[in-house]
Number of protein chains: 2
Amino acid sequence: MPRELIDLLWRDHPAAPQGGARGPRAAVTTGAVVDAAATVADAEGLAAVTVRRLGDVLGVSAMSVYTHVNSRDDLLVLMADAAFARMPRPGYGTAGWRTRVRRVAEANLALLNEHPWLLEIDDDRTAFGPGTIAKYDHELHALDPLPLDDVGRDAALTFVLDFVRAAARAQRPDPRADEMPALWGRWSGRLAEYLGDAHQLAQRVGSAAGEAMNAPSSPSHAWSYGLERILDSLTAPGDR
Amino acid sequence: MPRELIDLLWRDHPAAPQGGARGPRAAVTTGAVVDAAATVADAEGLAAVTVRRLGDVLGVSAMSVYTHVNSRDDLLVLMADAAFARMPRPGYGTAGWRTRVRRVAEANLALLNEHPWLLEIDDDRTAFGPGTIAKYDHELHALDPLPLDDVGRDAALTFVLDFVRAAARAQRPDPRADEMPALWGRWSGRLAEYLGDAHQLAQRVGSAAGEAMNAPSSPSHAWSYGLERILDSLTAPGDR
DNA sequence: CATAACCTTGTACGGCGTACAACGTAAGAT
DNA sequence: ATCTTACGTTGTACGCCGTACAAGGTTATG
C-alpha cells in the first residue's frame, strides 16, 4: 500500500505527501484514474468500472492502476468524493430557510440523476474526503436560520438527503426497461389468473400508480409533493 | 429456461405449473433453494450467496441449482418475495390511521433489520410476486381512514417506506466496523492537519452527530423523530 | 421394452480483483 | 561517472464468480 486512502482523498492539498522523486514519472495520476472511472460509470454504469477496463481507457496495464488507487473499493470512495467536490455551492444570500433547503435538495437530486452510480456507493470512509466534508458544511449552513442544536441539525439534513436519495432511486431508469414489454406480454395473463379477485385494492392502486408513472406530464409529482411535506416537517414541534 | 420466474414466484398457487412427471424426483425444490439462500444471506450477507455455495449447503452440485432457479438474479427476486410473504399481517382493528401507519413502518424496519440484504435487492420484477403483492395490499389498507385517491395512496405508502428504508440503511452495521478504530488511529491526525480550521460547522456538527450515534442510550432518536415528522406530513394539505 | 422427458453432473469459458516477481528507469549517494 | 536505491510498469497466475453445454442416469409413458 503506497499511499493511504486519506492521503489520496486529499491529494490536492498542499500538505499531502507527494510521490518520491526517484524512478520513472508515473504515466497517469490518481486524479486521472478517478476521472476515467467516473466517465465509464456515467456511460455504462458502475459495473463497467473494472480495473482492466480502466487500464484500457488510460492506455496502461491493469496492474498499473493499482499504483494510483490501492483497490477498487478505495477507488469508489475517491469517485464519490470527487463527485461531491465538483458540486456547485452558491451562497445562500438572504434566502429563507425553505428556499435554501429546497436548493440543497434539488442540487442533490440533480447530482444523483447525473451520476446514478453514487447510489451504489456505500462506504463510510467517504466521510473523510474533502469534497464530502465541503458539501456537508455547505448543506449544514442551509439550516442556519432554523433553531436547531448540532445533533438536530445533522438529523434534519440526513432526513432531507435520505428523501432525495429515495426519489433519485425511483427516478433511475430500470436497466431491464427494454425487456419489460416482452415480459409483460408473457406474464400479464398468468398473473391475472394467479391473482383472481384477491388483493383488489392492490390491483387497483397498483395499476393507477403504474399508469401515473408512465404518464407523459408530471414527471414527478411525487418529488414536489414529497419535498414540500419534508420541508413542512422541519418546522414541526419536537417529539410528542 | 424450464419455468418462468412468474411461475416460480407463484409456485405454491394451485394454478402454478407443476414439474413434469417423468424423470427422477428432484433432489431439492425451488423453495428449499430460496430458503437456503436466505439463511446464508442472513448469516454472511448477500455476497456469500453464490451458486456453488448453495449447492454445497443443499448437498447438490452447483449446476443443479439452476434446475430450480434459472439464474442468480431470479433467485434474488424469489428471496425478496419470500421474505415479504412471511411478514406477519395482523388486522388493523379499530386503530386510527396514525397507529396503523406506525405499525407498518415498524414492521418494515424490523424486517430490514432482520434481513439487511433486502436493501441490496432492487429488481422491479419482485412486484409480481405473491408476497410482495400481499404486503402491498395490506399496507395500502393502513391508509384506509385517510382521504386519498389511488395515486395519492400509493405515493403516501412509498413515502413512508422510503423513510423506513433509509433508517434501516443507517442502522445497518458497517461491515468495516472492526477496522475503523485502527483506521481512525492512523487517519485522525492527518485529517486534522488537512482540515485546519476550515469547515468549522461541519467539524463541530459531525463530531456531535458521531458521538450521539455511538451513545449507549437512545438507539435511534432519528427514527422516532423522523417517523413522527413523516406521519405529520401525511395529513398536511396538498401542494401549495 | 423403447422412447421421451426430466434431473444431475463435470468440464469449461470468459469474466472479476489482485498477489507476486521480474524488469526498467531515474534520482540520489559515493 | 558509477553504483545504489526507490519507484513505476508489466505479465503471469490464483482463486473466485455466473453459467453454457453436453453427457449420462432415472423414471413415467407410448
Side-chain angles (χ1 to χ4, degrees), chain A residues 1-5 7-8 11 17-33 36-37 40-41 44-79 120-121 123 175-176, chain B residues 1-5 7-8 11 17-33 36-37 40-41 44-79 120-121 123 175-176:
Chain A
M1 284 233 292
R3 277 187 286 178
E4 292 255 19
L5 177 58
D7 295 321
L8 292 180
R11 62 193 178 277
Q18 310 297 343
R22 300 200 235 218
R25 295 267 180 259
V28 298
T29 64
T30 299
V33 174
V40 172
E44 303 172 44
L46 198 57
V49 178
T50 71
V51 179
R52 286 169 176 84
R53 176 71 183 278
L54 291 177
D56 279 358
V57 169
L58 295 165
V60 126
S61 81
M63 289 311 296
S64 191
V65 171
Y66 286 101
T67 306
H68 311 287
V69 207
N70 296 334
S71 74
R72 186 179 187 270
D73 274 6
D74 280 19
L75 173 61
L76 300 188
V77 173
L78 295 171
M79 290 171 68
E120 300 173 51
I121 300 180
D123 194 312
R176 248 179 265 271
Chain B
M1 283 233 291
R3 276 187 286 179
E4 292 255 18
L5 177 59
D7 296 320
L8 292 180
R11 61 193 179 277
Q18 310 297 343
R22 299 203 242 222
R25 295 268 179 258
V28 298
T29 64
T30 299
V33 173
V40 172
E44 304 172 43
L46 199 57
V49 177
T50 71
V51 178
R52 286 170 176 83
R53 176 70 184 278
L54 291 177
D56 279 359
V57 169
L58 294 165
V60 128
S61 82
M63 288 312 294
S64 189
V65 171
Y66 285 101
T67 306
H68 311 286
V69 271
N70 295 335
S71 75
R72 185 179 187 273
D73 274 5
D74 280 19
L75 173 61
L76 300 188
V77 173
L78 295 171
M79 289 170 69
E120 300 173 51
I121 299 180
D123 193 313
R176 246 180 269 270

Counting only side-chain N and O atoms of [X], is one of them less than 4.0 Å from OP1 or OP2 of [N]?
| X | N | value |
| --- | --- | --- |
| R25(A) | dA27(C) | yes |
| R22(B) | dT29(D) | no |
| H68(B) | dC7(C) | no |

Send over the distance from [X] [atom1] to [N] [atom2], rounded to a whole Å.
| X | N | atom1 | atom2 | answer |
| --- | --- | --- | --- | --- |
| Y66(B) | dC21(D) | OH | C1' | 13 Å |
| M63(A) | dC23(C) | CE | C1' | 15 Å |
| D74(B) | dG18(D) | CG | P | 14 Å |
| L76(A) | dC16(C) | CG | C1' | 14 Å |
| D73(B) | dC17(D) | CG | C1' | 13 Å |
| L58(A) | dT10(D) | CG | C1' | 15 Å |
| R3(A) | dA6(D) | CZ | C1' | 14 Å |
| L54(B) | dC16(D) | CG | P | 16 Å |

Rounded to the nearest 0.5 Å, what separation is found between the [atom1] atom of [X] and the [atom2] atom of [Y]?
| X | Y | atom1 | atom2 | result |
| --- | --- | --- | --- | --- |
| E120(B) | E120(A) | CD | CD | 11.0 Å |
| D56(A) | S61(A) | CG | OG | 10.0 Å |
| H68(B) | L58(B) | NE2 | CG | 8.5 Å |
| D74(B) | E4(B) | CG | CD | 9.0 Å |

Among [options], the nucleotide that comes nearest once only the side chain of [X] is considered:
| X | options | answer |
| --- | --- | --- |
| V51(B) | dT19(D), dG11(D), dT9(D) | dT19(D) |
| R72(A) | dT9(C), dT19(D), dT18(C) | dT18(C) |
| P24(B) | dA5(C), dC6(C), dT8(C) | dC6(C) |
| A27(A) | dT9(D), dT19(D), dT8(C) | dT9(D) |
| S61(B) | dG17(C), dT8(C), dT9(D) | dT8(C) |
| A21(A) | dG28(C), dA19(C), dT9(D) | dG28(C) |

Candidate pair L76(A) and D123(A), rule side-chain contact (heavy atoms from CB on, under 4.5 Å), full reasoning:
CA-CA 8 Å; L76(A) 300 188; D123(A) 194 312; over 6 Å; no
Nearest-nucleotide comparison on DNA chain C, the residue closer to the 5′ end among R52(B) and V28(B):
V28(B)
Using a 4.0 Å heavy-atom cut-off, does [X] contact any base of the nucleic acid, only the sugar-phosphate backbone, or nothing at all?
| X | result |
| --- | --- |
| V49(B) | sugar-phosphate |
| T50(B) | sugar-phosphate |
| A62(A) | nothing |

Of A26(A) and S71(B), the one whose closest DNA chain D nucleotide lies more 5'
A26(A)
Checking R11(B) against T29(B) for the side-chain contact (heavy atoms from CB on, under 4.5 Å) test, could you report, in this order, the C-alpha distance in whole Å, the side-chain angles of both residues, the deciding distance, and whether it holds?
CA-CA 10 Å; R11(B) 61 193 179 277; T29(B) 64; over 6 Å; no
